[in-house]
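Residues: numbered from 1 along the sequence shown. What you are looking at is a predicted structure, and each value in this text was computed from that prediction instead of being measured. Atom set for the values below is all heavy atoms of this structure, side chains included, hydrogens, waters and symmetry mates excluded.
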Amino acid sequence: MPKTMTLSQVMKQLEEQGDEKVRQRYVRDGAGDNVFGVLLGKIRGLAEALGTNHALGLELWATGNHEARILACMLLAPEALTEKEARALLEPLSNPTLADELVGRVLVHAPIAEALQVRWMDGGKELPRRAGWRLLAGRIARGLAKDLDVRATLTRIEQELPAAPYRVKEGINFCLVWIGLHLPEYTAEAIAIGERLGRWDPRPIPKGCTSSYAPEWIAASLALRRGEKTAARKAMDAAAKAKPASARKKSAGKKPSAPKGAR
């Protein structure tokens, strides 16, 4: 049975679970100053205890606190949001992580998802444009974009990505990859477009993360579906075997972490 808590009780629990080092990392990543430093796993645990609670979710969002808003994304009822309310939640945001959480956990499931997608993809604001592309990707993955002109969308991706702001590039690229993964008849075309667009992301790829370069991201995800190891995974395993025995002993017993988000 879901646990009943007031807003003040939830905020107190979040604050008590905060960690200063985590808080500093979140601030560096653009979470703002209203942040406690609570790990995502602890927020998930609290969300599971509370269950869906739309009213509490809106109260948490209104605090402006980073963790409270992440928790809100796990409590809100997508079907209860109007288009006006959804826009009021997302459009003022400046943090792409929070925008992605709201899209992936709430808005993609909402009846007004397509209307938001069209509005935001055609708009001029950076994070809403990113959100529009990610909404389309989510709808494709769930089989909800049945009337989509996929070829026209791929053409638009190739035309818009090069000149788009960086955060919008990420959203467009995400949609390209999701088309390649969830619409098998367009996988080869998505890979070809990714090759033509090239490696637009200059950041180094952190250890354990997947490349954001669409052809590599698609290939790695498809290989994972087949239970195969990618070339990058094989290289990592080979490097681990080549470590001195003393180094291997230190890491013995540790489980390899699952691949993280694309970079």
Side-chain angles (χ1 to χ4, degrees), residues 1-81 85-86 89-90 93-110 113 127 130-131 134-135 137-139 141-142 144 167 170-171 174 177-178 181 206-210 221 224-225 254-263:
M1 185 173 181
K3 190 174 183 180
T4 301
M5 294 177 69
T6 64
L7 174 64
S8 59
Q9 289 172 328
V10 174
M11 293 302 293
K12 182 180 179 182
Q13 184 163 331
L14 287 172
E15 187 172 8
E16 289 173 347
Q17 291 179 335
D19 178 273
E20 180 58 24
K21 289 184 178 179
V22 177
R23 191 193 74 80
Q24 291 176 10
R25 188 175 83 235
Y26 287 173
V27 170
R28 286 196 304 270
D29 290 343
D33 296 324
N34 191 352
V35 55
F36 296 138
V38 186
L39 291 171
L40 185 58
K42 292 183 177 180
I43 299 175
R44 286 198 193 103
L46 182 54
E48 288 174 5
L50 291 169
T52 300
N53 188 328
H54 191 72
L56 179 58
L58 291 176
E59 288 183 318
L60 287 164
W61 191 273
T63 67
N65 175 266
H66 178 69
E67 288 87 355
R69 285 184 162 184
I70 294 290
L71 178 58
C73 292
M74 302 176 186
L75 304 185
L76 290 170
E79 67 280 1
L81 284 173
E85 288 170 336
L89 294 178
L90 187 132
L93 293 178
S94 58
N95 181 356
T97 298
L98 191 53
D100 292 348
E101 286 286 320
L102 183 60
V103 168
R105 293 185 182 274
V106 184
L107 299 184
V108 76
H109 303 287
L127 279 191
R130 172 194 180 96
R134 291 186 70 100
L135 265 176
R139 293 182 63 244
R142 290 162 179 78
L144 300 175
R167 295 305 183 189
E170 289 185 313
F174 185 82
V177 171
W178 254 228
L181 291 176
K207 185 178 179 181
C209 289
T210 304
S221 298
L224 191 61
R225 282 183 188 175
K254 292 183 180 179
K255 293 182 180 180
S257 58
K260 299 177 184 177
R263 174 66 63 83

Looking at CG of Leu81 and NE2 of His109, how far apart are the two atoms once the value is rounded to the nearest 0.5 Å? 12.0 Å

Any pair counted as ring-ring contact (aromatic ring centres under 6.0 Å, His included), so long as it reaches residues 11-53, sequence neighbours left out: Tyr26-His66

Locate the shortest heavy-atom distance separating Arg134 from Gly171; write the atom from each residue and the value. CG-CA, 4.1 Å

Arg69 side chain reached by Leu93 side chain, heavy atoms, under 4.5 Å: yes

Measure across Gly64 and Asn34 and return the closest heavy-atom pair with its distance rounded to 0.1 Å. C-ND2, 3.5 Å

Does the side chain of Met74 come within less than 4.5 Å of Ile70's, by heavy atoms? yes

Less than 3.5 Å apart, any donor N or O on the side chain of Gln24 or Glu20 sitting next to an acceptor on the other? yes

Roughly how far, to the nearest 0.5 Å, is CE of Met11 from OG1 of Thr6? 11.0 Å

Heavy atoms, side chains only, cut-off 4.5 Å: are Asp29 and Thr97 in contact? no

Heavy atoms only: give me the nearest Ala113-Leu135 pair and the separation to one decimal. O-CD1, 3.8 Å

Do Asp100 and Phe174 have side-chain heavy atoms sitting under 4.5 Å apart? no

Gap separating the CG atom of Leu14 from the CG atom of Leu60, nearest 0.5 angstrom: 7.5 Å

With a 4.5 Å cut-off on side-chain heavy atoms, are Leu39 and Gln17 touching? no

Nearest-0.5 Å distance that lies between atom CD in Glu67 and atom CD in Gln13: 12.5 Å

Using the rule given for side-chain contact (heavy atoms from CB on, under 4.5 Å), can you reason through Leu58 versus Leu76, listing the C-alpha separation, both sets of side-chain angles and the distance that settles it, and then say yes or no? CA-CA 7 Å; Leu58 291 176; Leu76 290 170; 3.8 Å; yes

Of the non-hydrogen atoms in Leu50 and Leu56, which two are nearest, and what is the gap between them? CD1-CD2, 4.2 Å

CD on Glu85 to NE2 on His54, rounded to 0.5 Å: 6.0 Å

Start with the C-alpha distance between Leu46 and Met5, add both sets of side-chain angles, then the distance that settles side-chain contact (heavy atoms from CB on, under 4.5 Å), and finish with yes or no. CA-CA 10 Å; Leu46 182 54; Met5 294 177 69; 4.1 Å; yes

Between Cys73 and Val106, the two heavy atoms sitting closest are O-CG2, 3.1 Å

Please find the pair of heavy atoms, one from Pro96 and one from Ser94, that lie closest to each other, and give the distance. CD-O, 3.5 Å

Can you tell me how far apart CD (Glu101) and CG (Leu90) are? Round to the nearest 0.5 Å. 12.5 Å

